[in-house]
**Q** 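Shown below is the structure under consideration.
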Amino acid sequence: MEHRYDHVAIEQKWQARWDADKTFRVVNPGDEGFDPSRPKQYILDMFPYPSGEGLHVGHPIGYIGSDIFSRYMRMKGANVLHPMGFDSFGLPAEQFAVETGVHPRVTTESNIANYVRQLKAIGLSYDWDREFATTDPDYYRWTQWIFIRLFEAWLDPDAGAARPIAQLIASLEAGEREVDGTPWSDLNEMDRRAHIDGLRLAYLDEVMVNWCPALGTVLANEEVTREGRSDRGDHLVFQRPLRQWMLRITAYSDRLAEDLDLVEWPESVKAMQRNWIGRSEGSRIDFPVAGSDARIEVFTTRPDTVFGATYMVLAPEHPLVESLIADTWPDGTKEAWAGGGSDPSEAVSAYRAEAARKSELERQTEVKDKTGVFTGSFCVNPVNDRLIPIFVADYVLMGYGTGAIMAVPGQDERDWEFAEKFGLPIVRTVQPEEGFEGNAYLGDGPAINSGFLDGLGVVEAKAKTIEWLEAEGFGAATVSYKLRDWLFSRQRYWGEPIPILHGPDGEMRAVSDTDLPLLLPEVDNYRPASMDDEDADPAPMLFNAPDDWKYVEIDGERWERELNTMPQWAGSCWYYLRFTDPGNDEYLAGSEAEQYWMGERGVDLYIGGVEHAVLHLLYARFWHKVLFDLGHVSTAEPFGRLFNQGYILADAFQDGRGVYVPAEKVEMVGDTFMYEGEEVVRSSGKMGKSKMNSVNPDEFFVDHGVDTLRLYEMFMGPLGDSKPWTTRDVVGIERFLQRLWRNYVDPDSGELLITDEPPDEELRKLLHRTIKSVTADMLDLRFNTSVARFFELNNALVALDAVPREIADAFVRLLSPMAPHVAEELWERMGGQGSVCFAEWPEFDEALAAEETVTMVVQVGGKIRDRIEVPIDISEDAARRAALGSEKVAAHLAGEPTRVIVRPPNLVNIVP
RNA sequence: GCCCGGGUGGCGAAAUCGGUAGACGCGGCGGACUUAAAAUCCGCUGUCCCCUCGUUGGGGCGUGCAGGUUCAAAUCCUGCCCCGGGCACCA
């Protein structure tokens with residue numbers, strides 16, 4: 001048995017050859033060997049953060065899927081761009097540096113080397129010549145360059161698109177634009193600068209941030225859990241105001257939502273993005289404050305209910321609160337409204353202090369119990385001139401709308417609760433449906449108690465109210481979004497330095513493009529100043545940089561470098577562009593390469609985890625649209641087709657204390673699971689280090705093989721579903737590959753068992769059905785059913801002494817995207833030219849793929865009573881006659897049928 | 001609470017146009033080969049019932065639950081239950 005299937009030898013041989021031959025290198029337009037007659041396919045995986053743990057078998061399932069598709073597309077004749085790189089800035093390497101003093105660059109480099117080794121061991125067909133990491137200065141140079149473009153751009157409302165700030169200044173100087181009615185020439189230098197800085201897409205702002213002392217950085221809202229802890233590490237997070245870099249993603253809210261229509265993405269991901277953007281149409285309404293010139297501006301989606309507004313609420317942080325505090329409680333102030341305060345000032349101050357103290361978690365848990373306090377002031381409801389009291393309550397959020405609402409308890413459940421608790425009037429302004437028994441009524445119905453709106457339905461009443469508000473100067477139709485601007489600074493070391501200089505008088509200037517990359521300075525230690533002291537002020541790590549880095553002399557003045565770094569999301573916002581032209585040192589990506597690879601629909605297939613449904617994909621789309629507006633890229637959207645692979649789950653086991661124990665060492669004894677003599681409890685979850693249920697790929701490849709892993713992971717079920725890993729099931733794939741080998745190669749002599757005799761008709765038909773089925777599965781990434789078809793074809797070859805070449809040849813081609821190593825080996829042994837990776841994909845003959853006969857089902861009253869083999873093209877008449885002629889059918893028929901439904905060639909249903 | 005997915009044999013799953021439910025694989029059972037075992041090969045395997053045990057013997061039931069539409073429903077509709085994911089006082 002010298003020549004039996006030796007997966008280790010075969011897999012190592014072909015991986016070495018692909019590496020040496022650069023088999024999967026793909027050239028750009030203009031390069032030698034480029035073939036413009038071929039269509040392009042850009043097939044991309046979401047690149048990984050190279051963690052110290054390396055890969056387990058659950059990680060690469062998406063990579064295997066995209067690899068199969070890439071290999072298929074090459075065989076279909078496409079120029080395939082299929083690259084891989086590393087998202088290598090980030091916290092773990094830096095935290096390791098804090099603990100050990102090892103430079104994050106060192107950790108990162110060794111982790112990347114390990115990842116590359118592991119990825120190559122899976123036989124993934126990347127063009128490794130295009131590999132880069134986001135931490136490479138040649139790469140982050142352009143990340144910084146894009147930041148400068150954001151800094152130097154604003155959203156021109158006339159164009160509905162980003163334009164260079166320089167154009168804005170030119171039109172201001174030319175008098176084509178003014179600053180809030182003031183000509184540019186009338187403004188001093190400081191005001192001009194403030195105006196411009198306030199319009200930039202990258203701007204500084206004093207905002208409430210999530211400050212995490214343990215990590216020594218602020219975090220974006222998305223990086224904070226609902227419990228008010230850091231997403232990474234689960235550390236406490238505190239709210240505090242801080243001057244931070246922000247990116248004006250909200251300027252793109254509508255385009256980010258609307259352009260989802262242009263892409264082929266899972267509807268669920270589109271829905272998540274639309275939800276996140278949270279567009280809602282409504283109206284701004286101004287409520288004049290009684291006895292004052294001030295007005296409180298509210299946002300409402302229900303302007304039609306304005307007659308039912310019986311009180312107002314401001315968020316505790318609302319800037320107008322201070323000015324609304326009355327000196328004394330007015331007559332009629334209920335005890336509950338005062339919150340125990342002897343005067344409004346005391347009551348409101350106490351309430352605001354309490355609200356500021358509350359953590360996110362407390363606010364969450366107290367949702368059902370509304371709190372608030374009366375300011376002592378009143379508004380005038382503009383539609384009916386009624387005086388309504390103004391409250392401060394934390395159920396109104398400063399971050400949404402205007403931070404103030406008109407409260408309409410009759411049509412809003414939250415307002416109803418508050419009104420009941422505080423004894424405020426409740427007026428219904430929409431007539432509820434007959435039989436309605438709830439509190440607030442949110443449905444449609446005729447307006448009541450609403451003056452000029454009475455009798456109108458909700459839609460008409462909204463329109464009429466807005467018309468009235470606009471005519472009377474009390475408001476206008478408007479749109480509100482949940483999406484907030486993107487908090488872009490971090491106080492960490494291991495990130496891209498933000499390339500901005502601060503002048504002595506507060507002037508900001510971007511680092512010149514020619515001075516990029518702005519390299520990270522070397523520092524002595526990586527420990528943030530604030531890490532051990534929760535009360536210490538947030539200080540960027542780069543504060544530790546040497547002075548000759550921190551300060552720059554320009555025209556005799558000392559400018560300070562920005563000390564914040566970018567968040568990890570930055571590098572992944574545009575890496576797909578760099579892959580089109582990774583070596584370019586003059587531009588982020590050459591136009592010709594960018595236009596070719598990104599042409600039409602951008603990335604043709606982007607595979608990654610659904611956990612990036614919102615953040616990464618929204619941020620990347622935002623940057624892409626800015627670059628598009630500024631003419632640096634050629635498509636409106638970066639990712640034409642998105643696919644989310646599922647996760648690989650695995651049994652995990654916990655001991656009596658709830659601690660996970662190594663799953664591979666758990667033994668089943670009867671119905672119970674034992675680990676080191678102790679009974680453990682089984683659960684299931686995502687494979688990973690924390691659950692101690694990972695399967696190591698290096699060992700798996702030795703024991704079972706790479707092709708086995710690839711086929712098994714594809715065979716487990718649909719690529720998009722999460723499914724449990726079962727090592728026991730792997731044997732089915734191993735048997736398949738061994739059987740395949742024995743069909744082609746005599747295990748004793750090593751002789752090829754291929755004959756030039758043609759196959760019999762049945763086998764040929766089976767082949768063509770297989771080609772048809774596998775080809776159809778490719779485009780939909782339904783590889784699980786393809787593997788089933790391979791089993792069927794393979795099993796049909798077992799009984800033969802030799803496999804007809806016609807079958808053997810096509811089968812190897814079909815198999816090669818999924819099991820490329822064994823396919824290469826068999827291809828070579830059969831005398832195939834070159835690599836099977838570039839062999840033509842087999843075509844099927846429709847006539848051969850079609851069945852000649854089919855089993856027709858005959859039903860009586862919907863129950864199957866007979867099955868008859870009939871020609872596939874049987875006529876309706878013949879089918880009817882065959883069915884009615886069946887003895888078995890006759891036995892179930894008492895008399896003449898009332899009706900006969902004939903659907904040739906599949907079915908006849910006789911209704912008795 | 002709202003918005004998405006999803007519930008099919010002992011297990012992973014097929015069936016994506018409303019027309020044979022359970023392809024393919026695992027596991028299980030039986031057989032061949034072998035001194036034996038492994039490997040390999042062959043057969044059976046949703047479930048219950050019946051018989052004159054048949055190389056397509058006959059029948060009932062069956063795709064989370066309860067209804068409905070239809071000649072016909074895993075597939076369409078209504079209500080409900082359960083599981084997973086996202087959002088969550090968003091005015």
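Proteins get letters first, then strands, A, B, ... in listed order; numbering begins at 1 in each. Nothing here was measured: the structure is a model prediction, and the numbers come from that model.
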**Q** Going by an N to O cut-off under 4.0 Å, is there a salt bridge joining A:Asp286 and A:Arg284?
**A** yes

**Q** Determine which nucleotide pairs with B:rU20, using a 3.5 Å limit on both distances of a Watson-Crick or G-U wobble pair.
**A** none

**Q** If we count only N and O atoms by modelled type, under 3.5 Å, do the side chains of A:Thr770 and A:Glu792 hold a donor and an acceptor together?
**A** no

**Q** Between A:Glu762 and A:Lys765, does any NZ, NE, NH1 or NH2 come within less than 4.0 Å of an OD or OE carboxylate oxygen?
**A** no

**Q** Between atom CZ in A:Arg274 and atom C1' in B:rC4, what is the gap in whole Å?
**A** 12 Å

**Q** With hydrogens left out and only the distance checked, is there a donor-acceptor pair under 3.5 Å joining A:Lys370's side chain and the base of B:rC89?
**A** yes

**Q** Report the nucleotide, chosen from B:rU40, B:rG19, B:rG59, that has the shortest atom-to-atom distance to any side-chain atom of A:Arg735.
**A** B:rU40

**Q** Roughly how many Å is it from OH in A:Tyr481 to P in B:rC87, rounded to a whole number?
**A** 21 Å

**Q** Among B:rC89, B:rC26, B:rU20, which nucleotide has an atom closest to any side-chain atom of A:Asp394?
**A** B:rC89

**Q** Give a yes or no on whether a salt bridge exists between A:Arg682 and A:Asp651, defined as a side-chain N under 4.0 angstrom from a carboxylate O.
**A** yes

**Q** Is a donor from one side chain sitting under 3.5 angstrom from an acceptor on the other, for A:Tyr351 and A:Thr371?
**A** yes

**Q** With rounding to the closest Å, how many angstrom separate the P atoms on B:rG67 and B:rC50?
**A** 28 Å

**Q** Please report the distance, rounded to the nearest Å, between CZ in A:Arg739 and P in B:rC24.
**A** 12 Å

**Q** Checking contacts here: which listed nucleotide (B:rG27, B:rC41, B:rA72) is nearest the side-chain heavy atoms of A:Arg742?
**A** B:rC41

**Q** Could you let me know what B:rA36 is paired to, Watson-Crick or G-U wobble, both distances under 3.5 Å, or none if it's on its own?
**A** none

**Q** Please report the closest heavy-atom contact between A:Ile296 and A:Ala404, naming both atoms and the distance.
**A** CG2-CB, 3.8 Å

**Q** Nucleotide by nucleotide, 5' to 3', does protein get under 4.0 Å of the base (B), only the sugar-phosphate (S), or neither (-) in nucleotides 8-17 of chain B, counting heavy atoms?
**A** --B-BSS---

**Q** Nearest to the A:Phe791 side chain among B:rG25, B:rC26, B:rG19, which nucleotide is it?
**A** B:rG25

**Q** So what's B:rG30 paired with, Watson-Crick or G-U wobble, going by both distances under 3.5 Å?
**A** B:rC42

**Q** What is the base-pairing partner of B:rC65, counting Watson-Crick and G-U wobble geometry with both distances under 3.5 Å?
**A** B:rG79

**Q** To the nearest 0.5 Å, how far apart are CZ in A:Phe811 and CG in A:Leu793?
**A** 4.5 Å

**Q** Output the rounded distance in Å from CG (A:Asp866) to P (B:rG59).
**A** 10 Å

**Q** Look through every strand shown and name the nucleotide pairing with B:rC53 as Watson-Crick or G-U wobble, where both distances are under 3.5 Å.
**A** none

**Q** Rounded to whole Å, please give me the gap between NE2 in A:His704 and P in B:rG25.
**A** 19 Å

**Q** Could you identify the nucleotide paired to B:rA15, looking across every strand shown and requiring Watson-Crick or G-U wobble geometry with both distances under 3.5 Å?
**A** none

**Q** Taking the C1' atom in each of B:rC61 and B:rA21, what is the distance between them to the nearest angstrom?
**A** 13 Å

**Q** Could you check if the base of B:rG59 is syn or anti? Syn means the glycosidic torsion is within 90 degrees of 0.
**A** anti

**Q** Is there a donor on the side chain of A:Arg867 or the base of B:rU56 sitting less than 3.5 Å from an acceptor on the other?
**A** no

**Q** May I ask which nucleotide in the shown strands pairs with B:rC2, Watson-Crick or G-U wobble, both distances under 3.5 Å?
**A** B:rG86

